[in-house]
Amino acid sequence: MKQIESVKEFGGWLNRYEHESTSCHCKMTFSVYLPPQAATEKVPALYWLSGLTCTDDNVRTKAGAQRYAAELGFALVMPDTSPRGDAVADIPERYDLGKGAGFYLNATQAPWAQHYQMYDYINVELPELIEAHLPLVPGLKSISGHSMGGHGALICALKEPGRYRSVSAFSPICHPVKAPWGEVCFSTYLGDDKNLWQQYDATELVKAGHKPMPALIDQGTADEFLAEQLLPQDFVAACVQQGVSIQLRMQDGYDHSYHFVASFIGEHLAYHARALRT
């Protein structure tokens, strides 16, 4: 774990690191914002999973989250969205497949399986690494994300009960087995077994009996991907059927961009702060 960048913000430090990943078998880069409180004590963490085409840089430069994290006293952990490097499989002409589009799953198909093990990376390897080297409270963390990262946050919270204190999402891909983005990536990374696809689909996980913790989801009504790709109504319907309360806020006029995320990121961080203090 090598620090490659450090910028002071709001009394804390926005740091970037790289390391050789044992899950993804390549060099991975991630960012961590350590609030000023981390200078004297260990702090909890919020993991942020970014969306298609993104790296760790998008959220740290566009969302405005560091100001709120400094006030609330927790770290922001911002991993990349996929493995990287010349040896990593990719389809350069596809923005929604390959590098930048890891979908936070463990691939089973060649040549993707060698590197695309993002589920294990996010839930196991990365937390163990940074909790061993940075002033974070071991095991005290929440998770959030945007678009593909919202999908990742929801499935991690559903599949890993007790690992996260809270979950939220912006414009998540809620039913990827029914969405063109998910169908393409799942068939490529996981093959033809749709039972395996369902293990990385938030709506299907709820239908199968996985009980989500209370979740905050914000969705813009002017989102160009809402009708075809995101399908939040499917997730809400599955939760209602299982008797689980989910807060879906349809935000009038907002699109899919970080303008939308930045407008409500403070409310999401406050939501997680309440969970991380208990």
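These figures come from a predicted structure and were not determined experimentally.
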Open item on the list: Has Thr81 got a side-chain atom pairing as donor or acceptor with Cys54's backbone, closer than 3.5 angstrom?
Closed with: yes
- [ ] Say whether Val261 and Leu269 are linked into one hydrophobic cluster, either directly or through other cluster members, by side-chain heavy-atom distances under 4.5 angstrom.
- [x] yes
Task: Tyr68 OH: over 12 foreign heavy atoms closer than 6.0 Å - done: no
TODO: Decide yes or no for Met118 and Leu105: does some side-chain heavy atom of the first lie under 4.5 Å from some side-chain heavy atom of the second?
DONE: no
Task: Criterion side chain to side chain contact (heavy atoms under 4.5 Å, CB included) on Ile130 and Tyr47, from CA distance to verdict - done: CA-CA 12 Å; Ile130 64 172; Tyr47 281 66; 3.1 Å; yes
Task: Sequence neighbours excluded, every pair satisfying salt bridge (Lys or Arg N to Asp or Glu O under 4.0 Å) that has a member inside residues 24-42 - done: Glu18-Lys27
Task: Residues in side-chain contact (heavy atoms from CB on, under 4.5 Å) contact with Cys185, at least two apart in sequence or another chain - done: Leu97, Phe103, Tyr189
Open item on the list: When you compare the side chain of Phe186 with that of Pro176, does any pair of heavy atoms fall below 4.5 Å?
Closed with: yes
Open item on the list: Checking the side chain of Ser147 only, and the main-chain atoms of Gly149 only, is there a donor and an acceptor separated by less than 3.5 Å?
Closed with: no
Open item on the list: Test: salt bridge (Lys or Arg N to Asp or Glu O under 4.0 Å). Region: residues 177-200. Which pairs qualify, not counting sequence neighbours?
Closed with: none
- [ ] May I ask you to decide if the ring planes of His268 and His272 are parallel, tilted or perpendicular, using 30° and 60° as cut-offs?
- [x] tilted
Open item on the list: Between Tyr104 and Tyr119 (judged by ring centroids, cut-off 6.0 Å), do the two rings come close enough to count as a pair?
Closed with: no
Task: Minimum-distance pair of heavy atoms, taken over all atoms of Ser82 and Gly100 - done: OG-N, 2.7 Å
Task: Residue list, salt bridge (charged side-chain N to carboxylate O under 4.0 Å, His left out) with Arg94, at least two apart or on another chain - done: Asp96
TODO: Measure across Asp223 and His256 and return the closest heavy-atom pair with its distance rounded to 0.1 Å.
DONE: OD2-ND1, 2.6 Å
TODO: May I ask you to establish whether Lys2 and Tyr17 are in a cation-pi arrangement, using a distance under 6.0 Å from NZ or CZ to the six-membered ring centre and at most 45° from the ring axis?
DONE: no
Task: Residue pair Pro44 / Gly73: nearest heavy atoms and the distance that separates them - done: CD-O, 3.9 Å
- [ ] Look at the side-chain heavy atoms of Ile, Leu, Val, Met, Phe, Trp and Tyr, link any pair under 4.5 Å apart, and say whether Ile91 and Tyr116 land in one connected group.
- [x] yes
Task: Glu224: partners by salt bridge (charged side-chain N to carboxylate O under 4.0 Å, His left out), with sequence neighbours left out - done: none
TODO: Using modelled atom types only, decide if a donor and an acceptor are shared between the side chain of Gln117 and the backbone of Ala113 within a distance under 3.5 Å.
DONE: yes
Check residues 233-243 and write down every donor-acceptor pair under 3.5 Å in which the side-chain atom is one partner and the other belongs to a residue at least two apart or another chain.
unit_1	atom_1	unit_2	atom_2	d
Asp234	OD2	His175	ND1	2.7
Gln242	OE1	Lys211	NZ	3.4

Open item on the list: I'd like to check the salt bridge (charged side-chain N to carboxylate O under 4.0 Å, His left out) partners of Lys159; sequence neighbours left out, ordered by chain and number.
Closed with: none
Open item on the list: Classify the ring geometry of Tyr258 against Trp48: parallel below 30°, tilted from 30° to 60°, perpendicular beyond 60°.
Closed with: tilted
Open item on the list: Going by the rule side-chain contact (heavy atoms from CB on, under 4.5 Å), which residues pair with Ala70 if we only count those two or more places apart in sequence or in a different chain?
Closed with: Phe10, Tyr33, Pro36
Task: Linked, directly or transitively: Leu72 and Val77 (ILVMFWY side chains, under 4.5 Å) - done: no
Task: Pairs touching residues 248-265 that satisfy salt bridge (Lys or Arg N to Asp or Glu O under 4.0 Å), sequence neighbours left out - done: Asp218-Arg249, Arg249-Glu267
Open item on the list: Tell me whether the count of non-hydrogen atoms from other residues, nucleotides or ligands lying under 6.0 Å of CZ in Arg16 goes above 12.
Closed with: yes
Task: Same apolar cluster (I L V M F W Y, side chains within < 4.5 Å links), Val59/Tyr271 - done: no
Open item on the list: Return the CG to OG distance between Asn58 and Ser50, rounded to the nearest 0.5 Å.
Closed with: 6.0 Å
Open item on the list: As a quick check of understanding, evaluate ring pair (Phe, Tyr, Trp, His ring centres under 6.0 Å) for Phe260 and Phe170, giving each step before the final call.
Closed with: CA-CA 8 Å; Phe260 168 50; Phe170 289 85; 5.6 Å; yes
Open item on the list: Quick test of your reading: applying salt bridge (Lys or Arg N to Asp or Glu O under 4.0 Å), list the pairs with at least one residue in residues 101-130, sequence neighbours left out, ordered by first then second residue.
Closed with: none
TODO: List in chain and number order the residues that pass salt bridge (charged side-chain N to carboxylate O under 4.0 Å, His left out) with Glu160, two or more places apart in sequence or in another chain; answer none if no residue qualifies.
DONE: Arg163
Task: Ring centers of His19, Tyr121 separated by less than 6.0 Å - done: yes
Open item on the list: In the structure I gave you, are the side-chain heavy atoms of Leu76 and Leu34 within less than 4.5 Å of one another anywhere?
Closed with: no
Open item on the list: Using the side-chain contact (heavy atoms from CB on, under 4.5 Å) criterion, which residues pair with Ser263? Sequence neighbours excluded.
Closed with: Tyr254
